[in-house]
Number of protein chains: 2
Amino acid sequence: MSDSKPQRAVGVRDVAALAGVSRQTVSRVLNDHPDVAPDTHARVVAAMEELGYRMNNAARALGTHRTRTIGVLASDALQYGPSRSMAAIEASAREAGYWLTAAFADSGDGASVTAAIEHLRGQAVDGLIVFAPHARTLDVLDALGTGIPTVILHAAERADFSVDQRAGARLAVATLADAGHERIAHLAGPRDWLEAEARTAGFAEELAARGLPQGPVFAGDWSPRSGHEAAADVIASGATAVFAANDQMALGLLGGLRAAGISVPQRISIVGFDDVPEAAYAWPPLTTVRQDFEELARRAVARVIARSGSGAGGRTGADAAADADRHAADPIAPVLVIRDSVVAPSA
Amino acid sequence: MSDSKPQRAVGVRDVAALAGVSRQTVSRVLNDHPDVAPDTHARVVAAMEELGYRMNNAARALGTHRTRTIGVLASDALQYGPSRSMAAIEASAREAGYWLTAAFADSGDGASVTAAIEHLRGQAVDGLIVFAPHARTLDVLDALGTGIPTVILHAAERADFSVDQRAGARLAVATLADAGHERIAHLAGPRDWLEAEARTAGFAEELAARGLPQGPVFAGDWSPRSGHEAAADVIASGATAVFAANDQMALGLLGGLRAAGISVPQRISIVGFDDVPEAAYAWPPLTTVRQDFEELARRAVARVIARSGSGAGGRTGADAAADADRHAADPIAPVLVIRDSVVAPSA
DNA sequence: TTGTAAGCGTTATCAT
DNA sequence: ATGATAACGCTTACAA
C-alpha cells in the first residue's frame with residue numbers, strides 16, 4: 001500500500017524529467033534525429049534504461065499516421081510456397097523494424113478474400129503484401145482498391161515480384177526432352193491458379209520450341225490425392241514422361257504409378273516443382289525445380305517499406321506509379337534440382 | 001482542385017456532426033453500449049455508412065490500453081503442425097474480432113526466441129500464443145516473463161492446451177502390437193523437443209503395458225532426410241515394425257527401405273504421426289495418427305481473449321491464476337487413421 | 001541544439 | 001439516454 005498511484009506506465013514524460021530535458025528531446029532521441037547533443041543523447045538513453053521505458057506504438061501511430069506494420073494476406077498459406085514466403089517475409093519485416101499482421105484466406109473464395117482485406121485495412125497497416133495465387137483474388141483487390149502500397153505475390157506474370165514460373169516449367173520439360181522423351185504429359189495445377197497456368201504455358205512453349213508434339217494435360221488440384229488419381233490417365237495416355245506442376249502431385253503420382261505396377265523412372269520419368277523436403281527422399285528421389293522464396297520475400301518487403309516510407313501513402317498518384325513499374329522487376333530464376341526420377345525412355 | 005483541405009480522414013467527430021449527436025454517443029454505438037436509443041443508434045449507423053467511417057485503432061488503443069491484437073510466436077512454423085495451428089488461430093482470432101501479429105523464430109535458438117518475444121511485447125499485444133516445441137523456448141519465456149496473458153502450445157505436457165501426444169504414440173504402437181509385432185522400433189524426433197519426448201514416452205509405455213520388450217529408438221530430426229538415413233539402422237536392428245514420430249520421417253524411411261529392397265509393409269510395417277496430405281497417397285498409403293489442430297487453436301484463442309478481457313491484464317495475480325490452471329484442460333484426443341502400411345509380421 | 005504548444009481520434013469520467 | 005471535458009502518449013510544427 002506504499003503507493004496508490006494507478007501504476008502509470010513510464011512514458012516520455014518520465015524519461016524527460018529524469019534526464020532533465022523536454023519531452024520533445026526524448027522524442028528526438030527516439031527517432032534518431034540528427035540534432036541532439038551527444039551527451040544529452042546519452043543522458044536520455046540512460047534515463048530510458050533506468051526507467052525501463054517502452055514506446056507506446058499506439059500513441060506514435062496516432063501522431064504519425066503510420067503503424068510500421070505490414071499486413072500480409074496469406075491466401076492458401078498451407079501450401080508449400082506460400083508458407084515459405086510467409087516465414088521469409090516475417091524475417092525481412094522484423095529486420096527492418098516492422099511488424100506483421102497476418103490474415104489468411106481461401107483465395108478461391110472471393111468473400112473470404114474481401115473479409116481478409118477489410119480486416120487488414122481496419123488495422124491501418126502501412127502496406128500490404130498479398131498472395132494472389134488465384135485470379136479472383138486480384139479481381140477482388142482491384143474492385144476494393146486498397147488505398148495503400150500493395151505488393152502482389154504468387155500471381156505469376158501479374159505479380160509485382162515472382163519466381164519465373166514459365167522458365168521453371170521450361171526447365172523441367174527441357175530435362176525430360178534432353179533425356180530423349182517425346183511423349184511428355186503435364187499434370188497441371190488448378191486452371192484458375194495463375195502460377196498453374198504459367199507452368200502449363202511454359203510446358204507448351206518448351207515443347208513447341210523443340211518441335212515436339214503437344215502432350216496431354218491432366219488437371220490436378222495440387223494435392224497428392226489428385227496426383228494419385230491421375231496415374232490411370234497418365235498410363236492410358238502412353239506418355240513416357242510427366243511434368244507435374246508441383247511436388248505433392250508428383251509424389252502422389254509416384255504412389256499411383258507404383259500401385260499400378262509401373263516403375264519410375266524406368267517406365268515413366270517424372271519432374272516435379274517446388275523441391276519440398278520430401279522430394280529428395282522419395283523413391284526414387286524426385287528431380288524438381290526449386291524456387292527462391294527468401295529472395296522473393298526480401299524484395300516484397302523492401303518495396304512495401306520503400307513505398308510507404310516515401311510519404312506518398314495512399315494517394316492515387318502513388319498508386320499509378322506503382323502500377324507503372326509493377327512488372328519492372330525481373331522475375332527470379334528458378335533452379336533445376338537433378339535427382340533420379342528421370343532417365344531415357346525405355347522403348 | 002475543388003478542395004484544398006488536407007484530406008482528413010473521417011472520424012467520430014464527423015459522424016457525430018452528421019448524425020446530430022455528440023462524439024461520445026458515436027463511441028457508444030461503436031462499442032455496443034446498452035444505453036442508446038434505437039433511433040439514435042440508427043441515425044449514427046446511417047451517418048457512418050454515408051461517410052464511410054472507419055475506426056482508428058491506434059486512437060482506440062491509446063484510450064483503452066488494449067489493442068485487440070494477439071501476438072503469435074510461431075516457432076518452427078514450417079513444420080506441418082505449427083503451420084496448421086497458425087492458420088487455425090488466425091481464423092479463430094478474426095472471428096472474435098481480434099488481429100494477429102506474428103513473429104517467427106527458430107525455437108532451438110534462444111536468442112531468436114528472445115528477439116521475437118521482445119518484438120511482440122513492443123507491439124503491445126493483449127495476449128500471446130507461443131509455440132514452444134522446444135524446452136528452451138519455455139525457459140526463455142520464464143526468464144523473460146511476458147507480463148501479459150500467455151498461452152503455450154505445442155509443448156506436450158507443459159502446454160496449456162495440447163493434443164495428447166503420449167496417447168497418440170500409444171495408439172500407434174498398439175496398432176503395431178495388435179497386428180502381432182513384437183520387435184517394434186521407434187524413429188524419434190529431436191530429443192530436446194517436448195512433443196518428440198512425449199511420443200517416445202508413449203512408445204515405451206505402450207510396450208511396457210503389453211509386456212513387450214523395449215524396442216530400439218533411433219534419433220531423427222523430423223525431416224524426410226533423417227527418416228531416409230535411419231533405414232539402414234532399422235534394417236540392422238531386425239525390427240519388424242517402426243513407429244515414426246512424424247509422417248515426414250515415415251515417408252523418408254519408406255523411401256530408404258524401398259531403396260534397400262525392403263518391402264513395406266510385407267517386411268516392415270510403419271505407422272506415422274500427423275496425417276499429412278501426402279500420407280494417404282504414398283505407396284503404401286501410410287497408417288498414421290491425426291491431430292485436431294483446429295480445436296487446439298480454438299481453445300487457445302478463447303483462453304487468451306478471456307484472460308485479457310477480464311481486465312486483469314498483466315498483473316502478477318492473473319499470472320499466478322494462469323499458472324494454477326495451466327494443466328487443467330484435458331488434452332485433445334488424437335485419432336488413428338488406418339491405411340495400408342501395417343500388416344502382420346512375415347516371420 | 002533545445003523547448004513550447006497544439007494536436008492525433010478515441011474512450012472515460014462526470015454531469016445532466 | 002446523452003453531452004461536455006479531460007485524458008491517452010507521442011509527434012509535428014514553430015519558437016527561442
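A, B, ... follow the sequence lines: proteins, then strands. Residue 1 opens every chain.
When each of C/dT2, C/dC8, D/dA1 is scored by its nearest atom to the side-chain atoms of B/Ala37, the top-ranked nucleotide is D/dA1. Among the nucleotides D/dA4, D/dC8, C/dT10, the one closest to any side-chain atom of B/Gln24 is D/dA4. The B/Arg13 side chain lies nearest to C/dG9 when the options are C/dT11, D/dC10, C/dG9. Distance from the side chain of B/Ala59 is smallest for C/dG9 among the nucleotides D/dA1, C/dG9, C/dT11. The side chain of B/Leu62 sits closest to C/dG9 out of C/dT11, D/dA1, C/dG9. Picking from C/dG3, D/dT5, D/dC10 the nucleotide with the shortest atom distance to the side chain of A/Ser22 gives C/dG3.
Within the nucleic acid shown, A/Asn31 comes within 4.0 Å of sugar-phosphate atoms alone, with no base atom in reach, counting heavy atoms only. Among the protein residues, A/Val26 comes within range of no part of the nucleic acid, since none of its heavy atoms lies under 4.0 Å from any strand. Residue A/Asn56 is in sugar-phosphate contact alone, with no base atom involved, counting any heavy-atom pair closer than 4.0 Å across all strands shown.
In this structure, the side chains of A/Tyr98 and A/Thr69 stay at 4.5 Å or more apart for every pair of heavy atoms. The closest side-chain heavy-atom distance from B/Leu153 to B/Asp160 is not below 4.5 Å. Counting only heavy atoms from C-beta outward, the side chains of B/Leu78 and A/Ser83 approach each other to under 4.5 Å. Side-chain contact check for A/Arg54 versus A/Met48: every heavy-atom pair is 4.5 Å or farther apart.
As a whole-Å value, the separation of B/His65 NE2 from D/dA7 P is 13 Å. Rounded to a whole Å, the CG atom of A/Asn57 is 13 Å from the C1' atom of D/dT11. Rounding to whole angstrom units, CG of residue A/Leu51 and C1' of D/dG9 are separated by 15 Å. Here the C1' atom of nucleotide D/dT2 and the CZ atom of B/Arg28 are 6 Å apart, to the nearest Å. Distance A/Asp14 CG to D/dC8 P: 11 Å, rounded to the nearest Å. Between the P atom of C/dA12 and the CG atom of B/Leu30 lies a distance of 11 Å, rounded to the nearest Å. B/Asp35 has its CG atom 5 Å from the P atom of D/dA1, to the nearest Å. Following rounding to the nearest Å, A/Arg23 (CZ) and D/dT12 (C1') show an atom-to-atom distance of 13 Å.
Contact between the side-chain N/O atoms of A/Ser27 and the OP1/OP2 oxygens of D/dT11 is found at a separation under 4.0 Å. For the pair B/Thr25 and D/dT2, the criterion of a side-chain N or O lying under 4.0 Å from OP1 or OP2 is not met. One finds no side-chain N or O of A/Thr64 lying less than 4.0 angstrom from the OP1 or OP2 phosphate oxygen of D/dT11. Applying the 4.0 Å criterion to OP1 and OP2 of C/dT2, one finds that A/Thr40 has a side-chain N or O inside that range.
Remark on DNA chain C: of its neighbouring residues B/His33 and A/Gly20, the 5'-side contact belongs to A/Gly20, judged by nearest-heavy-atom nucleotide. Toward the 5' end of DNA chain D, the nearer of the two residues B/His41 and A/Ala58, judged by each one's closest nucleotide, is B/His41. Along DNA chain D, the nucleotide closest to B/Arg43 and the one closest to B/Gly63 are compared, and the more 5′ of them pairs with B/Arg43.
The neighbour count for B/Glu295 CD, taken as heavy atoms of other residues, nucleotides or ligands under 6.0 Å away, is above 12.
In this model, no side-chain donor or acceptor of A/Arg54 finds a partner on the base of D/dG9 within 3.5 Å.
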Review point. Could you walk me through whether A/Asp126 and A/Thr67 pass the side-chain hydrogen bond (donor to acceptor under 3.5 Å, both in side chains) check?
Key: CA-CA 6 Å; A/Asp126 289 348; A/Thr67 54; 3.3 Å; yes
